[in-house]
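Following: one structure in structure tokens, then a few remarks.
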Amino acid sequence: MEQIFSNDFHYLGLIVLFPLLGAIINGVFGSKLPKSVVDIIASGAVLLSFFFSILSVNILVQSPDSVLTYTAYQWIYTGSLSLDIAFMLDPLSAMMILIITGVGFLIHLYSTSYMAEDPAKWKYFSYLNLFVFAMLLLVLGKNLLVTFIGWEGVGACSYLLIGFWYTDDEKAAAGQKAFIVNRIGDFAFIVGILLLYSETGTFDYIQIHEMVTGSAAIAIAPVAAPAVILIFIGCTGKSAQFPLYTWLPDAMAGPTPVSALIHAATMVTSGIFLLSRLNGLVSMSHEAMWIIAIVGAITAFFAATMALVNNDIKGVLAYSTVSQLGYMFIGIGVGSFVGAVFHLMTHAFFKACLFLGSGSVIHAMGGEQDIRKMGGLKKWMPVTRMTFLVACVAIAGIPIIGAGFFSKDLILWGALSNVHAAQIEPVAAGGIQVQYLISQALPAITSGSALEIATMAEVISWVVYLLGVVTAFMTAFYMFRLYFLTFEGECRADEETQAHLHESPPAILIALIVLAVLSFIGGWTGWPHVWAPEGAAHYMLAFEHWFDPVFQTTQDYRIANRFGDGYAAWEWGSIIVGSTMAFSGVGLAYLFYRKRPGLPRAVSERLAKVHTALLNKWWVDEIYDFLFVKRAIQAGKASYDFDRFFLDGLLVNGAGFVTASLGKAMRHLQSGDVQRYATYIVLAIVLALMALL
Amino acid sequence: MEITLFHYLVLAAATFCVGMVGVLVRRNAITLFMCIELMLNSVNLTFIAFSKYRVDFDGHIFAFFVMAVAAAEAAVGLALIIHIFRHHRSVNVDEANELRL
Amino acid sequence: MAIWETVFFYIFASGALLTSLGVILFRNPLYSAISLIVDFFFFAGLYVLLSAHFMALIQVLVYGGAIMVLFMFIIMLLNLRDDEIERPTFRAHYAVAVAVSLGLFLSIWTVLQPLYNSESVKTARAAATQQYEAAKQNAGEGEEVATPVIATQTIVPGLHADINEPAMNGLYTSKLNAIKSGQASPADGKYPVVNNRPPFVVPPMIDPAGKKPPKFGTVEPIAVLLVNRFVIPFELTAILLLAAIIGAVIIAKKRL
């Protein structure tokens, strides 16, 4: 990666600026402006941003193997520390800004109609624009600190928007929960950043990347694992991974477009983005990658089980989001960064579409979210239903017509063929000389444990792969359960609601249709390798090729894998297993909820215990409540008693007595004469100075 | 007899200390303010001296901003004095001792 | 040549010290104010000695003019009666105040002491004078003799203990030339070099043709810095002044 255009690429500043301006204008003057103007300012800001994103990406496409950067402001220079508010555009951030501004614009458009009745619409749009601004900072940041500012900014906006209807205590509490849980992660994140800084002496991504891929890698190797794990803990908070995922389902308290934009398409994927951004560093530590893969797999699996029985239309989607994010972390954990990012993109399309579809349904149902009270909605809402179906197909991973198939397959194939696992051995044997792997495997070689590590990695890859496959099956099942219960069959709503059912207004439908089209074709940029003939590979694997400058692994990934030259059969196997899982999940859902509606009850009665566990979300909230919240309250009570009897009784009153007596003696010092106080201050300063000299 | 950086810095320190004594001792609020201006001026002198002896303009810029802040401070401070005068019919800081409990 | 700098320094320095003592010793604030005005003029003189012509001008305009007029105005406005004038009373903390001020001065003195070596300054000056005299004797009638360059370093890198105008001109010109030829950037040592293009241009201190007098400390380079590198603080100053004006009006008005 080389830097071109030095720092003059002003478009990046403009991309970030427009949403900020929109937020300021709407935030300051919004309450005075007519609603239509508020709409235009908010959507227009994001549209302009999108326009400049396209221009910038176009320039990036024309200058391959380069990074466009722009230093907006020189922020801090003291000694060795130098910090800029600087932005960089490389293939990774290019994809992210297109998603953020593109999907963001559609969601703004949708919101103009969805929030039309809300009296605080201007506030909503101000927050939403501010969110887009923070998210753009996060992805465009040239150094970790700018990313961190964006990271905290999106957290704050998320809090504001979850608790947007703050008069409802439950919703306000959900906002606080999201914020506090995120803080836990953020603390680890900043510790990770500082640890990295203490070793590398820089926050700059490009410099870090050069260090970890160059000869400095050996020096950084010892801190790679702790730094990556700490940053990953930050990602588990923001990207809702086990064990910090609990805030995301509650976050559905916010307006539905917010759930679509923040809690599905963009903010929650920032963990994936960050780890991909630091891919060189991440791949230096196999331990950290194993942890990431396992946490991802566990999250994907458990969240999917919870989605199986949830009856809240947004709840299912929320757990599904957690589960899909788990997939992306699997991708990172097994070294298939491109798979993770690919799934990030397709997921942004279809999950935004699903959320907006659900919002459309909720709107039509007059605020009802329980899918048991829906059904047969296709009669009233044909467009919503079609787009929802397309998105369901995409997330379920139906081959070719579902974008999710391609990305999920890439991740699962990544787990199966884990290059990461396979290449430790050849490196140890002096085989493939891949720069980052040399640095990564050095400790292993010197300790002579390369073979053990490789074996361990294979075991983990298999576990992760199997969990992923089961999750794929569950995903197809619960998504089509949701679809059948909502749109097919007889309507179970009461008369009054039925009378009010209607298709949503055009602004909502346009957003839905565009997203549905994207989720239909979005996957066609990355076909399975075995399907891509020699000549067409460049186009059929466009997504992977696009990321060549960012992910070093990609190139090696295509060349070598665990199965060597005979990988084609394995990949075919992976595709077939994945498709089978998707089809059988859909089939089972059809059987349960269309053909034999009595079955679900029978099954849940047979598996009563499991069903209860799932309904109660494995009691995770309760366990946290018992483990942390209760303990905290107990500790509070204990300290209260300690405070009352020991501190207050003995120390404070005792001290109070002493102080009172002393005070009587020394009251003359406090004369109210400011100059006398100033004299004491200067006296103290001079004494301190003299002590120092 | 050569004049060096050292001389300027010592002179600045001396006037600074004189100003400080004034701030600590005088009770007339207006004089007190003048002493503060005196201290600010001594600091400006060090800035400009350093600027010359480093062959660099940063000290000038600093001094420039110090003057701007001093002007702002004088405006607000004198307004406060007028206010205090209206309240106590006096500009003696001893009168304005509401800080005492 | 050198003797005049010394003479004027001591005139201005003693004047500044005496008048600043006057500020704190006069009992009548009006006398204090007049003393302070004179003090500011002495400071302006010192700035001229330091080649800070622009700052000297501003010192007279802003301090001697604007701020002190404000002070005088307030003093006249309040029209303090005689019994308002401070009685010379002694309080215990006065002694402390004088003592700590002395202590502060001594602390600064001890910090400054190792900053330079008076011997090296003396020898450098003596050598330069000798060289100058020698050159003068060798030179023919009517020939201009270049003033020797004096620049004595301190222990702090980049900071000189003693420097004269030719040395300053030379140093500054070489800095500018280095920037022009791309070997250095105005940002060197202060700002990271993000690219080779200087973030701003500092105009030459001396006229290449040698027609105009030296420019160090004049309006031009300071203006260039203020509207380039320091533009944001500069604008913020405007806001600060605006806030001060509004604040002063609100505080001083009886009722709005």
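Hydrogens, waters and symmetry mates play no part in the numbers below; they use all other heavy atoms, side chains included. Small disclaimer: the values here were computed from a predicted structure and weren't measured.
From Tyr47(C), atom OH reaches atom CG of Asn41(B) across 4.5 Å, with rounding to the nearest 0.5 Å. Here the CD1-CE distance, from Ile24(C) to Met20(B), works out to 11.0 Å after rounding to the nearest 0.5 Å. Taking OH from Tyr10(C) and CD1 from Ile3(B), the interatomic distance works out to 4.5 Å, rounded to the nearest 0.5 Å. With values rounded to the nearest 0.5 angstrom, Tyr53(B) atom OH is found 6.0 Å from Leu50(C) atom CG. Once rounded to the nearest 0.5 Å, the distance linking NE2 of His7(B) with OG1 of Thr6(C) reads 8.0 Å. The distance from the CE atom of Met34(B) to the CD1 atom of Ile67(C) is 12.5 Å, given to the nearest 0.5 Å.
Counting heavy-atom pairs closer than 4.5 Å to chain B, the top residue among Ile108(C), Leu104(C), Val96(C) is Leu104(C). Chain C forms more heavy-atom pairs under 4.5 Å with one residue of Val23(B), Leu32(B), Leu78(B) than with any other, namely Leu78(B). Among Leu24(B), Leu45(B), Leu80(B), Val76(B), the residue making the largest number of heavy-atom pairs under 4.5 Å with chain C is Leu45(B). Of all the listed residues (Gly22(B), Cys17(B), Gly59(B)), the one sharing the greatest number of non-hydrogen pairs under 4.5 Å with chain C is Cys17(B). Considering only heavy-atom pairs separated by less than 4.5 Å from chain C, the leading option among Ile82(B), Thr15(B), Leu38(B), Ile61(B) is Ile61(B). For the set Ser42(B), Ala14(B), Ala74(B), the entry with the most heavy-atom pairs within less than 4.5 Å of chain C is Ala14(B). Between chain C and the residues Gly77(B), Ala49(B), Cys35(B), the largest count of heavy-atom pairs under 4.5 Å involves Ala49(B).
Of all the heavy atoms in Val10(B) and Phe105(C), the pair that sits closest is O-CE1, 3.6 Å. Shortest non-hydrogen contact noted between Val25(B) and Tyr94(C) is O-OH, 3.4 Å. The two residues Ala71(B) and Leu241(C) have their closest heavy-atom pair at CB-CD2, 4.5 Å. Here the closest non-hydrogen pair linking Val98(C) and Val21(B) is CG2-CG1, 4.2 Å. Nearest heavy-atom pair across Leu49(C) and Lys52(B) is O-NZ, 3.6 Å. Annotation for Phe64(B) and Met55(C): closest pair N-CE, 3.6 Å, computed over non-hydrogen atoms.
With a threshold of 4.5 angstrom between heavy atoms, Asp39(C) approaches chain B through side-chain atoms but not through N, CA, C or O. Both the backbone and the side chain of Ile163(C) come within contact range of chain B, with heavy atoms under 4.5 Å apart. For Leu9(B), the parts sitting under 4.5 Å from any heavy atom of chain C are the backbone and the side chain alike. Only the side chain of Leu36(C) comes within contact range of chain B, with at least one heavy atom under 4.5 Å from a heavy atom of that chain. Using a 4.5 Å cut-off between heavy atoms, Val69(B) contacts chain C through both its backbone and its side chain. Neither the backbone nor the side chain of Phe73(C) comes within contact range of chain B; no heavy atoms are under 4.5 Å apart. With a threshold of 4.5 angstrom between heavy atoms, Thr237(C) approaches chain B through side-chain atoms but not through N, CA, C or O. With a threshold of 4.5 angstrom between heavy atoms, Ala243(C) does not approach chain B through any atom at all. The parts of Ile48(B) that come within reach of chain C are both its backbone and its side chain, each placing non-hydrogen atoms under 4.5 angstrom from that chain. Looking at Ala66(C), neither its backbone nor its side chain comes within 4.5 Å of chain B, counting heavy atoms on both sides.
Note on ring orientation: taking the six-membered ring where Trp is involved, the planes of Phe71(C) and Phe33(B) are tilted (angle from 30° to 60°).
More than 12 heavy-atom neighbours from other residues, nucleotides or ligands sit within 6.0 angstrom of CZ on Phe65(B).
Ile81(B) places a side-chain heavy atom less than 4.5 Å from the side chain of Leu78(C).
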